[in-house]
Amino acid sequence: MTTSPTLNFDTDWSYAPAPETAPVELADAYGLFINGEFTDAKAGKTFGTVNPATEKRLATVAEAGDADVDAAVTAAQTAYDKVWSKMPAADRGKYLFRIARLIQERAREFAVLESMDGGKPIRESRDVDIPLVAAHFFYYAGWADKLDYAFPGPRKPSPVGVCGQVIPWNFPLLMAAWKLAPALACGNTVVLKPAETTPLTALKLAELLRDAELPPGVVNILPGAGATGAAIVNHPGVKKVAFTGSTDVGKAIARSLAKTDKRFTLELGGKAANLVFADAAIDQAVEGIVNGIFFNQGHVCCAGSRLFVEESIHDELIAKLQDRMKTLIVGDPLDKNTDIGAINSRPQLEKIEHYLKLGQEEGAEMWQPETPVPARGFFCKPTLFLNCAQSSSVVQDEIFGPVLAVQTFRTFGEAMTKANNTPYGLSGGVWTDKGAKVFKATSKVRAGVVWANTFNKFDPSSPFGGYKESGVGREGGLHGLKEYCSLN
Ligand code: NAP
Ligand code: MG
């Protein structure tokens with residue numbers, strides 16, 4: 001008879017530091033990627049990007065101004081007219097397949113760089129972000145030569161022209177993939193601006209596109225500030241704008257585009273309701289709640305940041321959730337054990353800390369585990385707010401951090417009313433053992449995506465986008481493809 005060995009979690013494997021060792025080739029300075037080449041900004045402006053876990057500068061990056069935007073749009077228009085829109089669709093597809101494969105080959109390096117520049121745990125960039133980046137290119141590569149059969153109706157789709165794309169810092173390379181892959185599959189060319197705090201993986205992607213021998217000018221990557229984004233959006237040569245970011249900037253973009261005939265899609269903020277009914281599998285729900293709000297430090301537009309618990313299971317569920325939160329490791333993003341990495345920037349940390357104070361002042365009860373947090377860098381403990389009033393700022397506002405506001409409900413109707421009492425409508429979650437309740441709840445929660453007994457699951461074939469102040473249009477799947485085609 002054999003006896004199984006006993007594991008001592010304290011001494012055998014928990015908390016043993018496991019830093020990532022894959023090397024990353026990082027230049028000291030990066031230029032703008034225009035017409036297939038790296039170049040300095042015409043005005044000579046640069047900015048630094050830091051590692052939020054160490055506060056150390058990683059690289060200096062050129063900052064694109066109006067003249068650079070103009071040069072990039074001209075390059076994109078020339079590539080559109082002469083090469084990309086004319087190329088047989090099957091050949092465009094081959095380029096996209098090649099890009100997808102190269103991303104897979106260099107996945108480890110992209111993952112490490114994503115975690116260094118943005119602060120997300122390596123486990124997430126390695127297992128979620130970068131595989132999804134490759135998956136998006138594979139998915140849309142497959143559509144390139146099937147567009148004529150993609151949409152019902154008598155007209156064949158044609159590309160729209162030069163697309164201006166502006167992305168945020170929470171999923172830097174993934175947001176670039178969401179935008180580039182469908183645009184290119186349809187025969188459009190692109191000028192893309194990554195976020196100021198996370199430009200490096202987009203610039204590495206530019207190197208990869210050059211290695212893939214993508215024709216010059218098809219993709220131009222312009223790091224820079226908000227003004228760079230505005231210059232791209234407002235350039236008369238840009239025919240379609242795709243923006244992901246805050247609702248405030250999204251509204252400003254919608255206002256400035258209202259007087260033009262440009263097409264646009266806006267993926268904006270969220271404040272998702274995650275609803276747990278008394279008949280749910282509680283342990284599974286606890287995992288889903290943790291994933292829903294603490295994944296990527298809560299820097300997730302579709303994060304389950306409002307938890308609604310049926311009153312009869314509130315105490316049991318919260319006790320289990322607190323026990324689980326005590327096990328979460330906050331620390332070095334490059335450590336494979338880390339659950340919660342660094343907050344993306346000092347201003348974002350200050351914003352979160354402002355809400356931690358405000359939530360308490362407004363009467364909600366704040367709880368954090370006694371988890372150690374690194375002394376250097378931008379870090380925030382996973383946080384619960386209990387006994388929240390509907391009017392509390394931590395319930396109403398998008399915090400974009402690891403902060404969960406908890407409320408209770410007694411009836412199905414009350415749950416739906418509270419869930420929908422928000423200006424946002426991007427995502428939601430429902431936990432129940434009853435299939436009928438899943439269907440009823442998912443049809444009543446007014447949000448672009450509603451997960452049932454899971455959360456934060458993404459797939460290139462499924463459309464993503466919001467209602468109300470969460471945005472206009474969809475990305476992903478056929479819906480996302482259609483935004484980049486003209487059917488007139
Ligand atoms: P943000 O401030 O709106 O910035 C997003 C991007 O827009 C950045 O590249 C930014 O450049 C640029 N930008 C800033 N001002 C601009 C302007 N006037 N015109 C054009 N571009 C401008 O948002 P963020 O703080 O980076 O990102 C967080 C927000 O994004 C959250 O609200 C989150 O919910 C939302 N988000 C939504 C989705 C979705 O799919 N719905 C996905 C991810 C994130 P700088 O970096 O230089 O400021
Ligand atoms: Mg950075």
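Atoms within each ligand, like the ligands themselves, are counted from 1 in listed order.
At the top of the distance list for atom 37 (C) of ligand 1, counting protein heavy atoms only, stands L268 O, 2.9 Å. What sits closest to atom 16 (C) of ligand 1 on the protein, heavy atoms only, is V249 CG1, 3.4 Å. Of all protein heavy atoms, the one lying nearest to atom 11 (O) of ligand 1 is K193 NZ, 3.0 Å. Looking only at protein heavy atoms, the nearest one to atom 45 (P) of ligand 1 is E196 OE1, 3.4 Å. From the protein, the heavy atom lying nearest to atom 2 (O) of ligand 1 is S246 OG, 3.9 Å. Looking only at protein heavy atoms, the nearest one to atom 28 (C) of ligand 1 is F400 CE2, 3.5 Å.
Note: an N/O pair closer than 3.5 Å links W169 and ligand 1 by distance alone. The shortest N/O to N/O separation between G226 and ligand 1 falls below 3.5 Å.
Those atoms of ligand 1 that come under 4.0 Å of a heavy atom in C301, given as number and element, are 33 (C), 34 (O), 36 (N), 37 (C), 38 (C), 39 (C), 40 (O), 41 (N), 42 (C), 43 (C), 44 (C). Distances below 4.0 Å separate heavy atoms of G245 from the following atoms of ligand 1: 3 (O), 5 (C), 23 (O), 29 (C), 30 (O), 32 (O), 35 (C), 36 (N), 37 (C). Residue N170 has at least one heavy-atom neighbour below 4.0 Å for each of these atoms of ligand 1: 43 (C), 44 (C). Of all the atoms in ligand 1, the ones that sit under 4.0 Å from a non-hydrogen atom of E267 are 37 (C), 38 (C), 39 (C), 40 (O), 41 (N). Ligand 1 places these atoms under 4.0 Å from at least one heavy atom of P168: 26 (O), 27 (O), 43 (C), 44 (C). Interface of L426 with ligand 1, defined as ligand atoms under 4.0 Å from a residue heavy atom, comprises 41 (N). Atoms of ligand 1 lying under 4.0 Å from at least one heavy atom of A230, given by number and element, are 19 (N), 20 (C), 21 (N). Listed by atom number, the atoms of ligand 1 under 4.0 Å from V166 heavy atoms are 6 (C), 7 (O), 9 (O), 12 (C), 21 (N).
Of the N and O atoms on the side chains of Q368 and T383, at least one donor lies less than 3.5 Å from an acceptor on the other residue. If you check the side chains of T197 and S345, you find no donor sitting under 3.5 Å from an acceptor. K468 and T422 form no side-chain donor-acceptor contact under 3.5 Å, judged by distance and modelled atom types alone. Between the side chains of N234 and S256, a donor-acceptor pair is found at a separation under 3.5 Å. A donor-acceptor contact closer than 3.5 angstrom is absent between the side chains of Y80 and N188. Side-chain contact of S393 with E362: a donor-acceptor pair under 3.5 Å is present, judged by distance alone. Between the side chains of D117 and T49, a donor-acceptor pair is found at a separation under 3.5 Å.
In this structure, E287 and R324 have side chains that are in contact, with non-hydrogen atoms separated by less than 4.5 Å. A heavy-atom distance below 4.5 Å is not found between the side chains of Y30 and T60.
With a heavy-atom cut-off of 4.0 Å, F171 does not touch ligand 1 at all. Residue E398 touches ligand 1 through its side chain alone, judged by heavy-atom distances below 4.0 Å. Only the backbone of I167 comes within contact range of ligand 1, with a heavy atom under 4.0 Å; no side-chain atom does. Counting heavy atoms under 4.0 Å from ligand 1, residue T244 touches it through both backbone and side chain.
Ring centroid separation for the pair Y484 and W143 does not come in under the 6.0 Å cut-off. You'll find the ring centres of W431 and F455 outside the 6.0 Å limit. Aromatic rings from F308 and F409 are positioned such that their centres are separated by 6.0 Å or more.
A side chain to side chain donor-acceptor pair (under 3.5 Å) with T265 is found for exactly one of K240, Q165, H479, namely K240.
Taking the six-membered ring where the residue is Trp, W178 and H136 present tilted rings, their angle falling between 30° and 60°.
Metal site remark for the Mg ion (ligand 2): N51 contributes no N, O or S atom at a distance under 2.8 Å. Among the atoms of T49, an N, O or S atom falls under 2.8 Å of the Mg ion (ligand 2). Taking 2.8 Å as the criterion, G119 does not count as a coordinating residue of the Mg ion (ligand 2), since none of its N, O or S atoms falls below it.
For G224, the heavy-atom gap to ligand 1 drops under 4.0 angstrom. Judged by the shortest distance from any of its heavy atoms, A252 lies outside the 4.0 Å radius around the atoms of ligand 1.
Of all heavy-atom pairs between K271 and S305, the closest is CD-OG, 3.4 Å. In plain terms, the two heavy atoms of P182 and K179 that are nearest each other are CD-O, 3.6 Å.
Using a 4.0 Å threshold on non-hydrogen atoms, atom 26 (O) of ligand 1 counts as touching the protein.
Expressed to the nearest 10°, the angle at the Mg ion (ligand 2) joining OD1 in D117 with O in T197 is 90°.
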